[in-house]
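Working notes for the structure below.
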Amino acid sequence: MFNPHDIRQQFPVFTHFPDLVYLDSAATTQKPYIVLALEQEYYERHNANVHRGIYRLAAEATALYEGTRERSARFLNAPQAKQIIFTSGTTDGINLVAQCFALPRLEAGDQLLISAMEHHSNLIPWQQVCLAKKAELKVIPFLPNGELDMQALQDLLNPKVKLLALTHISNTLGTINPIETIIPLAHAQGIPVLVDAAQSIVSHKIDVQALDVDFLVFSGHKLFGPTGTGVLYGKEKWLNEMPPYRFGGEMIRDVTFERTLFAPIPQKFEAGTPNIAGVATLASAMDFVEDLGQKNIATHLQRLLHLGMERLASIPGIQFYGEATNKSGIISFTLEGIHPHDLATILGQKDICIRAGHHCTQPIMDFYEIPGTVRVSFSVYNVEEDVLKLEKGLREVMGVMGRVN
Ligand code: PMP
C-alpha cells in the first residue's frame, strides 16, 4: 500500500522539520534513511579505493561500486553491466556523449536535433559541438499547451541529423514526451536517440531494450540518491567505437610515453578515482524506488498534480504554463502582478519550498515571453496537506500584496 504519510517517515529531513513543505523535488529529492545509512556504512566499514587493491576493504569497496553497475543494468534492463557508465550526473553524461559521440562524427552541414523544452544541459553541449563543427542545431518546437509538436518533429527528421537528444519529461512544463513513439520514428531515418531521463527515472519504469534507445542519462540525486552520481547507458556498439575524452588513472590498459592503450568499456570513460561512496549508495536508492513501484509513484504524482491544478486554478490572476494531456507532477505558473522571485521568497519564509526563475530552460521563457515562472514539483513524500498549505500561502501573499484572494 502506497502511503505518503508512511513514506515521509522514512526521510529524516521531515523528522527534523515536521512542517517543511518541500515542493522542489524536480531540482533535487530528499534522501531516505536507507540511502544515508548505506553511505555511513560504506565510510565506516568498506572505505578504500576501487579496482586496484587486493586487500579485503578494497575488494569490498570494488564489490559495492561494481554491484551498483549490475544493479543499474537491472534497473534499466540493460543487456550488460558494462554498458553502464558512472557519471557525476545528467549534465556530465550528456557532455560525454556530445564530446565522444557527436563531436567525432559531425561534419559541416550535419544536424543535431533537440526540442525547444530541453534543460540547458541538453542544449548547450550540442550547441557547442555544432559550433565547433559548423553543424546545425535544429529545434523541435512545442505547442502553447506544452506538448511537443509531433508534426514538426517528423518534418525535421532527415538523414543529415546525426543524433536526436530529447527529454522524457520537461522539468519546467511537466510534459511527458512519447519517447516510445519518437524513438522508432528517428530510427526509421537512421538517427540515434539520446533520452534525458533526469525527471522521469523516479516515476517511469525505463526498459532501454524495449525502448531501443541509444543513450539514456539520469542523475542519482533526483532518485533519492546522493549528489555527484549519475548513470549513462549506451548501446555497446556506440560505446565501443567512442573515444574517451577524460584521461588519467583507472581508464588504461597500457601506458608508455609514446602512446596509451585504453581499457575497454566501461573503464575507458571513468578516469580517476570515482565517487565510490556515492555510487555504492545509489544502489539503495534504486531499491527504494523499485520497492515503492514506479507505477505507484506515478499515480501518486498524478493525484497531487490534479489536486494542485484544481486548488490553484481558483486563485485570481494565476496563469499556468504547461497543460499537456500527459503531464507529470510539475506545475509552473505566474501570478499577475507578482514577481515569481517575490512569491518564492515570501513562501520560503513560511518553509514552503518552491522554485522561481527560468529553471535552466530560458528558451521556454522566451516562447511564453516571460522572465520566469514559479515551479512546484511533487515527490513521494508530499501529502495533500502540502498542496493545501501551498494554496493558503499563495492566498496570503496575494493578501499582503493587496490583491483579492
Ligand atoms: N535534464 C533535466 C530534464 C533536468 O531536470 C535536470 C536537472 N534539473 C538536468 C537535465 C540536469 O541534471 P544535473 O544538474 O543533475 O546534471
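First listed ligand is number 1; within each ligand, the first listed atom is number 1.
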Checklist entry - Would K268 count as a cation-pi partner of F247, with NZ or CZ less than 6.0 Å from the six-membered ring centre and within 45° of the ring normal? => result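 Not flagged: K268 not positioned over aromatic ring of F247.
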What is the nearest protein non-hydrogen atom to [atom], stated with its residue, atom name and distance?
atom: atom 16 (O) of ligand 1; value: T91 OG1, 2.5 Å
atom: atom 5 (O) of ligand 1; value: Q199 NE2, 2.7 Å
atom: atom 10 (C) of ligand 1; value: S121 OG, 3.1 Å
atom: atom 4 (C) of ligand 1; value: H119 CD2, 3.5 Å
atom: atom 8 (N) of ligand 1; value: K222 NZ, 2.6 Å

Item to check | Carboxylate-amine/guanidinium contact E70 R74, below 4.0 Å | outcome: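 R74 and E70: not salt-bridged.
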Item to check | Test: R303 and E384 ion pair at under 4.0 Å | outcome: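 Judged by the 4.0 Å cut-off on N to carboxylate O distance, R303 and E384 do not form a salt bridge.
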Item to check | Sub-4.0 Å heavy-atom contact, H221 with ligand 1 | outcome: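 Yes, H221 has a heavy atom closer than 4.0 Å to ligand 1.
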Please classify the [X] to ligand 1 contact at 4.0 Å (heavy-atom distances, strictly less than): side chain, backbone, both or neither.
X: H359; answer: neither
X: T167; answer: side chain
X: D196; answer: side chain
X: E118; answer: neither

Checklist entry - In chain order, what residues pass the ring pair (Phe, Tyr, Trp, His ring centres under 6.0 Å) check against H359, with sequence neighbours excluded? => result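 Expected list: none.
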Checklist entry - H300 vs F2 aromatic rings, parallel, tilted or perpendicular, using cut-offs 30° and 60°? => result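 Tilted: the ring planes of H300 and F2 meet at 30° to 60°.
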Checklist entry - Between H339 and H341, what is the ring plane arrangement, given parallel below 30°, perpendicular above 60°, and tilted in between? => result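 Correct class here is parallel.
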Checklist entry - Between S219 and ligand 1, does any nitrogen or oxygen pair lie at a separation below 3.5 Å? => result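 Yes; at least one N/O pair falls below 3.5 Å.
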Checklist entry - Between T299 and Q302, is any side-chain donor less than 3.5 angstrom from a side-chain acceptor? => result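 Q302 and T299 do not have a side-chain donor-acceptor pair below 3.5 Å.
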Checklist entry - Counting from 1, what ligand 1 atoms have a heavy atom of N171 closer than 4.0 Å? => result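 Listed by number with element, the hits are 5 (O).
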Item to check | Heavy-atom check, side chain of P371 versus side chain of M365, under 4.5 Å | outcome: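 Result no, sub-4.5 Å side-chain heavy-atom pair not found.
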